Amino acid sequence: MTFNNRILLGLTSILLLAGCGPEDSSSGPITENPPLEEICTAANCAGCCDPTTNQCVEVRTNDACGVTGTKCSKCATGTICHPSQQQCYTPTIRTKIQPLRATIAPQDPADNSDWDVDGSPPDVVVKLSCPNAQPAPPSEEVESFTPTWTQGACDVLSTDLLSAPIQFTVIDVDTLFDDPIASAQYQMTRADIDRGVVEFASSGALLSLALQITTYYAE
């Protein structure tokens with residue numbers, strides 16, 4: 001090999017070694033932290049921030065509750081996520097008792113006479129009384145043997161409802177005096193509240209009466 005060939009081979013080796021230098025890092029360093037603009041904050045999240053994933057939780061639930069842009073937390077047993085305050089709180093639970101429907105005997109069993117002198121159906125009204133609650137207005141007057149109502153509800157704390165009975169009176173409204181149809185009291189149970197309706201059956205003037213039960217959270 002000539003002297004010139006040795007020089008050419010040496011230069012070629014130097015160029016090859018230069019091509020095996022450090023890897024191009026123009027793509028930026030690898031990091032496990034998300035870019036600042038992706039971090040969940042009040043500026044980019046209308047909900048709360050999941051503490052594990054740092055993702056925004058738009059719809060708050062009892063399992064993920066928190067003020068806008070703050071860390072989500074799970075509500076403790078017996079508390080719920082307030083829809084407007086966005087914080088866990090202990091709610092006041094109330095129950096509404098609404099007269100729903102009834103079936104009235106064709107004649108007054110007290111004397112086997114018609115409810116009204118003209119033989120028309122009775123004009124039925126229900127009056128409810130709930131424990132430790134404001135007096136409920138009477139239901140609307142409905143002329144029927146199978147009346148239904150949308151008014152006359154009482155509103156009561158659920159704890160009071162489970163500790164003392166409700167009372168109800170069903171009457172036939174007449175011009176001179178009202179005819180009593182039925183009057184009774186009943187102790188509501190947790191099963192009644194869960195079921196959402198309670199229905200009484202009788203063999204007297206009031207053959208049946210149904211009450212609707214609605215539970216809700218109060219402020």
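Treat the numbers as computed from the prediction; the structure is a model and nothing was measured. These values consider heavy atoms only, across backbone and side chains, with no hydrogens, waters or symmetry-generated copies. For this chain, numbers begin at 1 and follow the sequence in order.
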d(Asp179 CG, Ile181 CD1) to nearest 0.5 Å is 7.5 Å
- Message: Quick check against the 3.5 Å criterion: does Thr70 have a side-chain atom that pairs as donor or acceptor with the backbone of Gly66?
- Response: no
To the nearest 0.5 Å, atom SG of Cys130 lies from atom CZ of Arg94 at 9.5 Å
Please check if atom CZ in Phe145 has more than 12 non-hydrogen atoms from other residues, nucleotides or ligands closer than 6.0 Å. yes
* To do: Group every Ile, Leu, Val, Met, Phe, Trp and Tyr by side-chain heavy-atom contacts under 4.5 Å, then state whether Ile166 and Val156 land in the same group.
  => yes
inquiry  = Run Val125 and Val173 through side chain to side chain contact (heavy atoms under 4.5 Å, CB included) and show every step you take.
reply    = CA-CA 7 Å; Val125 168; Val173 178; 3.6 Å; yes
**Asked** Just by modelled atom types, is the Asp116 backbone N or O under 3.5 Å from a matching donor or acceptor in the Asp114 side chain?
**Response** no
**Asked** Taking side chain as C-beta onward, heavy atoms only, is Leu209 less than 4.5 Å from Phe168?
**Response** yes
Check whether any side-chain heavy atom of Thr95 sits under 4.5 Å from a side-chain heavy atom of Thr214, and report yes or no. no
Check: Glu199 and Ser208 side chains under 4.5 Å, non-hydrogen atoms: yes
dist Gln151:CD -> Ser139:OG (nearest 0.5 Å) comes out at 8.0 Å
### Message
Walk me through whether Leu157 and Thr92 qualify under side chain to side chain contact (heavy atoms under 4.5 Å, CB included).
### Response
CA-CA 8 Å; Leu157 283 170; Thr92 299; 3.5 Å; yes
- Do side-chain atoms of Asp108 reach the backbone of Ala110 as a donor and acceptor pair under 3.5 angstrom? yes
Chi angles and distances behind the side-chain hydrogen bond (donor to acceptor under 3.5 Å, both in side chains) call for Asp111, Ser113: CA-CA 5 Å; Asp111 54 11; Ser113 63; 2.5 Å; yes
Would a 4.5 Å heavy-atom cut-off, applied to side chains only, mark Gln87 and His82 as touching? no
Check the pair Lys71, Cys49 against side chain to side chain contact (heavy atoms under 4.5 Å, CB included), reporting the backbone distance first and the verdict last.
CA-CA 5 Å; Lys71 185 183 298 184; Cys49 301; 5.6 Å; no
Flag if over 12 foreign heavy atoms under 6.0 Å of CD, Glu58 = yes
- Message: For residues Leu206 and Phe200: do they belong to one hydrophobic cluster (side chain heavy atoms under 4.5 Å, members Ile, Leu, Val, Met, Phe, Trp, Tyr)?
- Response: yes
Open item on the list: Do Asp123 and Trp115 have side chains that approach each other closer than 4.5 Å (heavy atoms only, starting at C-beta)?
Closed with: no
Here the gap from Thr146 atom OG1 to Ile104 atom CD1, rounded to the nearest 0.5 Å, amounts to 9.0 Å
Check: Mind checking whether Phe177 and Ile171 have side chains closer than 4.5 Å, heavy atoms only?
Finding: no
For this session: Report yes or no: is the SG-SG distance between Cys48 and Cys56 under 2.5 Å?
Result: no
Shortest non-hydrogen pair, Pro91 vs Thr79, comes out as CD-CA, 4.3 Å
Scanning both residues in full, the closest heavy-atom pair of Pro137 with Ala153 reads CD-O, 3.8 Å
ask   = Taking a hydrophobic cluster as the set of Ile, Leu, Val, Met, Phe, Trp and Tyr residues connected by side-chain heavy atoms closer than 4.5 Å, whether directly or through intermediates, do Val170 and Tyr186 fall within one such cluster?
value = yes
- With respect to the side-chain SG atoms, do Cys65 and Cys88 come within less than 2.5 Å? no
Nearest heavy-atom approach of Ser120 to Glu143 is CB-OE2, 3.3 Å
* Asked: Linking I/L/V/M/F/W/Y whenever their side-chain heavy atoms sit closer than 4.5 Å, directly or via other members, would Ile97 and Ile193 fall into one cluster?
  -> yes
Item to complete: Indicate yes or no for a side-chain donor-acceptor contact from Asn62 to the backbone of Cys81 under 3.5 Å, with no hydrogens or angles considered.
Response: yes
With a 4.5 Å heavy-atom cut-off, do Arg60 and Thr68 have their side chains touching? yes
dist Asp50:CG -> Cys45:SG (nearest 0.5 Å) comes out at 10.0 Å
**Report entry** Non-hydrogen side-chain atoms of Gln212 and Lys96 separated by less than 4.5 Å
**Finding:** no
Rounded to the nearest 0.5 angstrom, the CG-OG distance for Leu207 and Ser202 is 7.0 Å
Q | CA sep, side-chain torsions, deciding dist, call: Ile213, Met188, side chain to side chain contact (heavy atoms under 4.5 Å, CB included) | A | CA-CA 10 Å; Ile213 307 169; Met188 289 285 180; 3.7 Å; yes
Between Gly152 and Ala136 the two heavy atoms that sit nearest each other are O-CB, 4.1 Å
query = Transitively linked via ILVMFWY side-chain contacts under 4.5 Å: Val198 with Leu128?
reply = yes
